[in-house]
Amino acid sequence: MNTPESYDYPSWEPLKKHANDWSTSLANLFNQDPERSNRYTLSVGDLYLDYSKNHIDDKALTLLNSVAQEAGLPEAIKALFRGDIVNNTEHRPALHTALRSPKLSPSDKQDCVNKAQEQVATVVEKVHNGRWKGFNGKRITHVVNIGIGGSDLGPRMVVNALKDYQVDSIEVLFVANIDGSDLCDQIEHLNPESTLFIVASKSFSTLETKENALAARQWLLANGCPVEQLHCHFIAVSSNIEAAVEFGIAEDHILPMWDWVGGRYSLWSAIGIPIAMALGVDNFKALLAGAEVMDEHFHCADLADNMPATLALLTFWYSSNWGYESQAILPYVQRLHRLPAYLQQLDMESLGKRVDRNGNDLTDNSGLILWGTEGTNGQHSFHQLLHQGTRKVLVDFIASIKPTSELETHHHYLMANCIGQSQALLEGKSLAQAKKELLEAGYDQKATDDIAPHKVIPGNRPSNTILMNELSPHSLGSLIALYEHKVYCLGVLWNLNPFDQWGVELGKQLGLKIYPAITSGDCDSGWDSSTKNLIRKLTS
Ligand SMILES: O=P(O)(O)OC[C@H]1O[C@](O)(CO)[C@@H](O)[C@@H]1O
């Protein structure tokens, strides 16, 4: 692991010293300051963040804010919204905020954004009211989004999360993987006459999406769709109109994307059309409005009160000074079960970098390893490691105040478990407590002494808790924008470009070279023997 010798930030050394001198426990911090849980909280729109269960005090926060100032974060936030070239390696702005916050965005983008939103609304309404027909004049009942990465994860997560808001007339399904069973499993029970495919690919060059779209076309043809009616079953979302047309999508069925919106930040664009299909245009707009609330806050709030900046500074603090390398995302909301997968791309594809904005080796660690699952399932699985393991893991608990089902008792238990987990991380269990418990349970002294160490839980482990008023399009929009902006802040603090992803390219290129070897059995003589053996195993 890299240990940062120094940042250029003048407040870096005092911050590092403050971390090195840290000697108190979370429990002590709470005992000494009854107001702690009131002071270390923030509210923005439908979201409430409690970050009091962290190893921080006013001095740490002041120093962290100074580091953020010295890193130029306030100006960088303005630059993002203004449309400056924040993606310096691809010479592009990153204007996902223009898709939902017109007041804060460059005016020259508004026409195309509005036009695309109108196009989305027109297509969706036509499908919903049955005017969009498949071959044989059938109305559309199923929409299958074919896309991967940013053209899949965001829309899929939102559609799953907002099940309560789904329109009755349409079911939206998702296909991403090049494993053929993904497509086959989704379409096996569908009627081709009433199925519409969305081919979502910013580049329109992504292997998985192209192959799945080709297979979908074959499926339609094999099931009676006349070639001249194929166009009724496809729309595309892409910035590469030429390639989409070449594939055979009718030009007026192609919705736009732009190079100034990154793939993993694109669910607010026409890439979000599966969301509008599943939930209706008004709910899609409510999602955008929720993001706008977070944008306005992020843009205007001082760093000390800024929710995305606070989350980022906490991660920076722990990553740079406390040796944390991993972050668990634990939504205690069943319907947010896709959130960890979505945030993995957002965070790890953005921040998994080894050089700074100028191409120099980073002297500090960058992106953390993100993972997680919905509560309480994780409690019966990996929480053991969170409580007693030797690795350090940051934890974000996310919960909805309003239940998402009618089963009120379930919800109370769910919330009790969520809060109980953060309390267990904080308080732990001492050896004395463990021994007392065992003796009270009837163990003799020897058994108590033998077993007690295994029951000790060190505690003193930090966590954040984010409460949403309810799981609604509006609050989810704010939550997603919160994490987007957190990632941006970390990019600024670590001085890296969070908007490119060159690291994914090599594997794609090698996959394309290996493909002909798998189909022909002919290996490149320059390849390593492991690669050759694996190919032979597949081809013999
Ligand atoms: O929308 P596209 O161009 O098909 O790209 C899909 C995904 O592939 C990636 O480029 C990574 O391979 C992601 O950044 C992107 O979201």
Side-chain angles (χ1 to χ4, degrees), residues 134-135 140-157 159-160 170-227 229-238 240 243-244 246-249 253 263 271 273-274 277-278 337-338 341-342 344-345 349 504-523 531 533-540:
F135 74 96
I140 300 298
T141 56
H142 290 83
V143 173
V144 182
N145 188 72
I146 298 178
I148 198 163
S151 300
D152 167 71
L153 290 162
R156 190 196 287 252
M157 183 272 287
V159 168
N160 270 282
I170 296 289
E171 190 181 352
V172 177
L173 305 162
F174 292 87
V175 171
N177 203 339
I178 191 64
D179 184 331
S181 53
D182 194 7
L183 177 71
C184 294
D185 287 356
Q186 294 304 322
I187 62 177
E188 71 179 339
H189 300 301
L190 300 187
N191 178 355
E193 293 167 314
S194 52
T195 300
L196 174 66
F197 291 96
I198 302 169
V199 187
S201 176
K202 180 178 167 183
S203 60
F204 221 90
S205 65
T206 303
L207 171 85
E208 292 88 337
T209 302
K210 282 175 75 177
E211 286 299 320
N212 278 324
L214 280 171
R217 179 156 70 184
Q218 279 315 113
W219 175 75
L220 285 162
L221 290 172
N223 285 282
C225 179
V227 122
Q229 292 209 34
L230 272 174
H231 70 275
C232 312
H233 293 271
F234 283 101
I235 60 175
V237 186
S238 186
N240 189 350
E246 199 182 312
F247 176 85
I249 312 269
H253 290 186
I271 289 287
I273 194 171
M277 285 284 187
H337 69 102
R338 295 283 317 179
Y342 164 74
Q344 275 177 334
Q345 189 205 16
E349 200 175 64
V504 302
E505 296 305 325
L506 177 62
K508 289 187 199 173
Q509 288 158 7
L510 292 177
L512 287 177
K513 278 197 188 155
I514 290 170
Y515 176 79
I518 287 184
T519 51
S520 68
D522 245 359
C523 286
T531 300
N533 274 343
L534 288 169
I535 293 170
R536 278 194 202 109
K537 282 263 178 211
L538 290 171
T539 51
S540 58

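From a predicted model like this one, the values you see are computed outputs, not experimental measurements. We number each residue from 1, following the sequence as shown.
Side-chain rings of H233 and F135 approach one another, their centers coming within less than 6.0 Å.
You'll find the side chain of L510 stays beyond 4.5 Å of the side chain of T531, heavy atoms only. For the pair Q186/L183, no side-chain contact is recorded, criterion being any heavy-atom separation below 4.5 Å from C-beta on. Inter-residue side-chain proximity for L512 and Q509 is flagged as unmet; no heavy-atom pair is nearer than 4.5 Å. Annotation: side chain of P516 is not in contact with side chain of D522 (no heavy-atom distance under 4.5 Å). The shortest distance between side-chain heavy atoms of R156 and N145 does not fall below 4.5 Å. Side-chain atoms of I273 and I235, non-hydrogen and from C-beta on, do get closer than 4.5 Å to each other. Side-chain contact between K508 and L207: absent, with no pair of heavy atoms (C-beta onward) separated by less than 4.5 Å.
Atom CD1 of I178 and atom CG of N212 lie 5.5 Å apart (nearest 0.5 Å). Distance CG/L538 to CG/N533: 11.0 Å, rounded to 0.5 Å. Summarising the geometry, atom NE2 belonging to H142 is positioned 13.5 Å from atom CE belonging to M277; distances are rounded to the nearest 0.5 Å. Rounded to the nearest 0.5 Å, atoms CD (E211) and CD1 (I146) are 11.0 Å apart. For the atom pair CG (D185) and CG (L173), the distance works out to 11.0 Å, reported to the nearest 0.5 Å. I518 CD1 to R536 CZ: the interatomic distance, rounded to the nearest 0.5 Å, is 13.0 Å.
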Determine all donor-acceptor pairs shorter than 3.5 Å in which one atom belongs to a side chain in residues 195-204; sequence neighbours excluded.
from : atom 1 : to   : atom 2 : distance (Å)
T195 : OG1    : N191 : O      : 2.7
S201 : OG     : F204 : N      : 2.8
K202 : NZ     : V261 : O      : 2.8
S203 : OG     : S205 : N      : 3.2
S203 : OG     : S205 : OG     : 3.1
S203 : OG     : T206 : OG1    : 3.3

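Relative orientation of the F234 and F247 rings is perpendicular, given thresholds of 30° and 60° on the angle between their planes.
Taking all atoms of both residues into account, the shortest heavy-atom contact from G147 to D152 is O-CB, 3.3 Å. Closest heavy-atom contact between C523 and I535: SG-CG2, 3.7 Å. When all heavy atoms of L190 and P192 are compared, the pair lying nearest together is O-CD, 3.5 Å. Between I140 and G134, the shortest heavy-atom distance links the atoms CD1-N, 4.0 Å. Looking at every heavy atom in both residues, I271 comes nearest to S151 through CD1-OG, 3.8 Å. The two residues L221 and P226 make their nearest non-hydrogen contact at CD2-C, 4.5 Å.
Shown here is E188, whose CD atom has more than 12 heavy atoms of other residues, nucleotides or ligands within 6.0 Å.
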Checklist entry - For N240 and S238, what are the C-alpha separation, side-chain angles and deciding distance, and is it a side-chain hydrogen bond (donor to acceptor under 3.5 Å, both in side chains)? => result CA-CA 5 Å; N240 189 350; S238 186; 5.7 Å; no
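Using a distance-only test at 3.5 Å, with no hydrogens or angles considered, a donor-acceptor pair links the side chain of Q345 to the main chain of G150. Distance alone, capped at 3.5 Å, is enough to place a donor-acceptor pair between the H253 side chain and the H231 backbone. Side chain of D182 to backbone of N177: a donor-acceptor contact under 3.5 angstrom is found.
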